[in-house]
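In listed order, ligands and their atoms are each counted from 1.
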Amino acid sequence: MKIFIDTANIDMIKEVNSWGILDGVTTNPSLIAKEKTDLRTCVKKISEIVDGPISAEAISMDAEAMVKEGRSLSKIHPNINVKLPMCIEAMKATNVLASEGIAVNMTLIFSPQQALLAAKAGARYVSPFVGRLDDIGQVGSEMLAQIVAVFRNYDFDTEIIAASIRHPVHAFEAAALGCDIATIPYDVLKKMVAHPKTDEGIKLFLADHEKSKK
Ligand code: G3P
């Protein structure tokens, strides 16, 4: 499974990139606002750090404007893909952008039906939001499993990005189900590294090493 970081924070991106595990980056308007930056400056900076797909979300709400915005965003760097929110206007725009070779990440996916339509419209990626389904008492990982099953049935090229990952179990579920990508926040990535038995083991080895010197 490819690992993307879900942030617009440049320091976090640099840090995780240095771990040697980073395949791409996703941003959204909320993440950009949190960093008090603007989308174009931010994704340009990210493209200088990470050699992989970078999602930049359009804010237009009709197909024509989405296409215009998508074309402009895609010109920032060849690795930029255009994030569009799942809706009819976005499907129309995806159809046009895909025919021009511009990758679309269809976001705010909450059902296998939406993922199927996004893939058929030509989306390069679909982003099902796992945590936000859990938030309303539904099981996000079940939706992921359904999308994986549908895409396998028909051999779609569209890649599944498990998004709205809130804790390490979500990341594990995405990998166990065979999602192509999980986009994971920095704090969750750090939690995935850690294990109390690892910390305990390191302490013990270091203490024993000290003893052996005496
Ligand atoms: O990038 C979109 C998604 O990952 C947002 O996650 O935690 O705001 O639901 P969250």
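- Near A163, the atoms of ligand 1 lying under 4.0 angstrom from a non-hydrogen atom of the residue are 4 (O).
- Of the protein's non-hydrogen atoms, R132 NH2, 2.8 Å is the one closest to atom 8 (O) of ligand 1.
- At a threshold of 4.0 Å, the pair K92-E89 counts as salt-bridged, since one of the basic side-chain nitrogens sits closer than that to a carboxylate oxygen.
- The shortest N or O to N or O distance between T27 and ligand 1 is not under 3.5 Å.
- Side-chain atoms of K83 come within 3.5 Å of backbone N or O of T27 as a donor-acceptor pair.
- On a distance-only criterion, T26 and ligand 1 share no N/O pair closer than 3.5 Å.
- For the pair S164 (side chain) and G131 (backbone), a donor-acceptor distance under 3.5 Å is present.
- Within the listing of ligand 1, atoms 2 (C), 3 (C), 5 (C) sit less than 4.0 angstrom from a heavy atom of F129.
- Only the side chain of K83 comes within 4.0 Å of ligand 1, counting heavy atoms alone; its backbone N, CA, C and O stay farther away.
- With F4 as the partner, the side chain to side chain contact (heavy atoms under 4.5 Å, CB included) test is satisfied by one option alone out of V25, V50, D23: D23.
- Protein heavy atom nearest atom 6 (O) of ligand 1, with residue, atom name and distance: S164 CA, 3.3 Å.
- Residues P185 and T7 fail the side-chain proximity criterion, which asks for heavy atoms closer than 4.5 Å.
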Intermediate values then yes/no, side chain to side chain donor-acceptor pair (under 3.5 Å), S111 and Q113
CA-CA 5 Å; S111 74; Q113 297 89 331; 3.3 Å; yes
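- Distance from atom 1 (O) of ligand 1 to its nearest protein heavy atom, with residue and atom name: D6 OD1, 2.9 Å.
- Residues forming a side-chain hydrogen bond (donor to acceptor under 3.5 Å, both in side chains) with D6 (at least two apart in sequence, or on another chain): T26.
- The shortest N/O to N/O separation between R166 and ligand 1 falls below 3.5 Å.
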